[in-house]
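Not measured: the values here are computed from a predicted model.
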Amino acid sequence: ARHPRYDQRTGMTRLTLGRISRASSVQRMGRAGRIGPGQCIRLWSQEQQQQLEPASVPEIRQADLAPLALQLLRWGVADPSELLWLDLPPAGPFARALQLLTMLGAVYQVEGVPRLTAHGESMATLPLHPRLAHMLLQSVQWGLVEHACQLAALFGERQPQAVVGIDIQRRLAALDAGNRSRLSHSSWARRVSQEAGRYRKLMPATGPSTVVDAADICGLLLATAWPDRVAKRLDGEPGRYQLSNGRQALLGAEDELAGSDWLAVAELGAGSGSAADRIYCAARLEPTLFDQALAGLCRQQDTIAWDDRSE
């Protein structure tokens, strides 16, 4: 069965294929008998049946709660415990969801109580993850709606195996090639294009962008959706980047983006036994944007600390 799971690489929830639970297998057996009596034959052994998980994990315990938090605030519910749930949203993930919404400009605090901003209200009307909804709304002022819709649709679909590469530009090129040919991933390209078209209808028409060069568009939009994953290459450590969320991430020395000083990262994955994440999808980021379109992400702070060694 396909189960919704929170994907740490993308910071979003996607459907993944996995074994059903024992309870689900019994329920499916009953479903097969709705029409009339008969026999239900399982295509696995009794031992395998006993090895299945007793019941499915409730989605709310393993999903990204940012979309839920956004809708609750839209209803005027700041504390999930105000409502009756089969399973109460976990406090930790819900708090992290509010932090993300605050970072995206969707939430502000009134005497310690979260409230939606006007921007957050607009985000809640779009049928997208809050990260992508924020990106689409921001793209209007930059004249980048077309590009933003393509990226939003791209992240909603699983990437086909024929499309390789960490650079998001390569995925966009494959999308264009798939639409113009009979490649094995052409059906993927058509789905992405159709979804992008649906998003485009929800957004106002804008003219061509004068804010950013064509080569810098993807970096700007990814940094808007994932401001916690802006990455700067560490001096003297090729392939190792410092993320704005405090973590570090690695890029293979052979990758085409490895020489970039700045990256906007969309997909990460934790390596086995490694303290640093692995970068799976990113775009080059032009640092001059921090003085322009991305100025809102920047904060300057002086810090004083005592060094015991040097006194």
Side-chain angles (χ1 to χ4, degrees), residues 9-12 100 103-105 128-156 159 163-176 192 196 199 203 206 208-235 238-269 277-299:
R9 288 172 51 182
T10 61
M12 291 165 43
L100 173 62
M103 187 186 306
L104 298 177
L128 285 157
H129 187 278
R131 288 184 185 271
L132 301 179
H134 172 63
M135 180 184 71
L136 250 66
L137 291 172
Q138 290 294 95
S139 73
V140 175
Q141 62 178 313
W142 301 324
L144 298 175
V145 170
E146 185 79 22
H147 295 84
C149 289
Q150 271 198 326
L151 284 177
L154 198 64
F155 286 111
Q159 177 180 306
V163 181
V164 295
I166 291 173
D167 192 346
I168 191 67
Q169 294 281 10
R170 184 173 291 197
R171 300 190 188 188
L172 290 174
L175 178 64
D176 184 50
V192 172
Y199 296 152
M203 308 303 295
T206 61
S209 174
T210 57
V211 175
V212 62
D213 293 335
D216 302 328
I217 290 176
C218 285
L220 170 61
L221 293 176
L222 291 193
T224 302
W226 285 272
D228 48 336
R229 296 182 183 178
V230 171
K232 186 180 188 302
R233 186 158 58 99
L234 294 175
D235 294 336
R240 183 176 289 269
Y241 287 81
Q242 179 71 49
L243 301 178
S244 51
N245 62 12
R247 292 184 62 86
Q248 291 188 5
L250 302 174
L251 199 60
E254 72 286 351
D255 191 87
E256 55 196 316
L257 293 179
S260 304
D261 289 333
W262 290 87
L263 294 175
V265 180
E267 294 186 7
L268 289 168
D277 293 323
R278 179 86 179 178
I279 297 174
Y280 290 104
C281 179
R284 287 186 178 88
L285 183 61
E286 171 54 50
T288 57
L289 291 171
F290 295 128
D291 298 321
Q292 303 165 17
L294 296 178
L297 298 186
C298 300
R299 184 178 74 249

For [X] against [Y], the heavy-atom pair lying closest together:
X: Met135; Y: Ala225; result: CB-CB, 4.0 Å
X: Ser260; Y: Arg233; result: O-NE, 3.4 Å
X: Met203; Y: Cys149; result: CG-SG, 4.4 Å
X: Ala264; Y: Ala223; result: CB-N, 3.7 Å
X: Leu257; Y: Ala283; result: CD1-N, 4.3 Å
X: Glu256; Y: Arg170; result: OE2-NH2, 3.0 Å

Could you state the interatomic distance from [atom1] ([X]) to [atom2] ([Y]), rounded to the nearest 0.5 Å?
X: Leu222; Y: Leu151; atom1: CG; atom2: CG; result: 6.0 Å
X: Cys218; Y: Leu172; atom1: SG; atom2: CG; result: 5.0 Å
X: Arg171; Y: Ile168; atom1: CZ; atom2: CD1; result: 5.0 Å

For the residue pair [X] and [Y], establish whether any side-chain heavy-atom pair is separated by less than 4.5 Å.
X: Leu221; Y: His147; answer: yes
X: Trp226; Y: Val265; answer: no
X: Arg278; Y: Leu268; answer: no
X: Leu144; Y: Val212; answer: yes
X: Val230; Y: Leu243; answer: no

Restricting to pairs with a member in residues 134-151, which pass salt bridge (charged side-chain N to carboxylate O under 4.0 Å, His left out), not counting sequence neighbours?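 Sorted result for residues 134-151: Glu146-Arg200.
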Can you list, pair by pair, the side-chain donor-acceptor contacts under 3.5 Å of residues 285-292, counting residues two or more places apart and other chains?
from, atom 1, to, atom 2, distance (Å)
Glu286, OE2, Thr288, N, 3.3
Glu286, OE2, Thr288, OG1, 3.0

With distance as the sole test, does [X] use its side chain to make a donor-acceptor pair with the main-chain N or O of [Y] at under 3.5 Å?
X: Arg240; Y: Leu234; result: no
X: Ser244; Y: Pro227; result: yes
X: Glu267; Y: Ala282; result: no
X: Asp167; Y: Gln169; result: yes
X: His134; Y: Leu104; result: yes

Steps toward side-chain contact (heavy atoms from CB on, under 4.5 Å) verdict (Leu250, Tyr241): CA-CA 6 Å; Leu250 302 174; Tyr241 287 81; over 6 Å; no
Salt-bridge present (Asp261, Lys232; N to O < 4.0 Å): no
One thing to verify: whether Asp228 and Arg131 come together as a salt bridge, which I'm taking to mean a side-chain N less than 4.0 angstrom from a carboxylate O.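 Judged by the 4.0 Å cut-off on N to carboxylate O distance, Arg131 and Asp228 do form a salt bridge.
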Matching residue for Leu136 among Thr224, Val145, Leu128 - test: side-chain contact (heavy atoms from CB on, under 4.5 Å):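 Only match with Leu136 under side-chain contact (heavy atoms from CB on, under 4.5 Å): Leu128.
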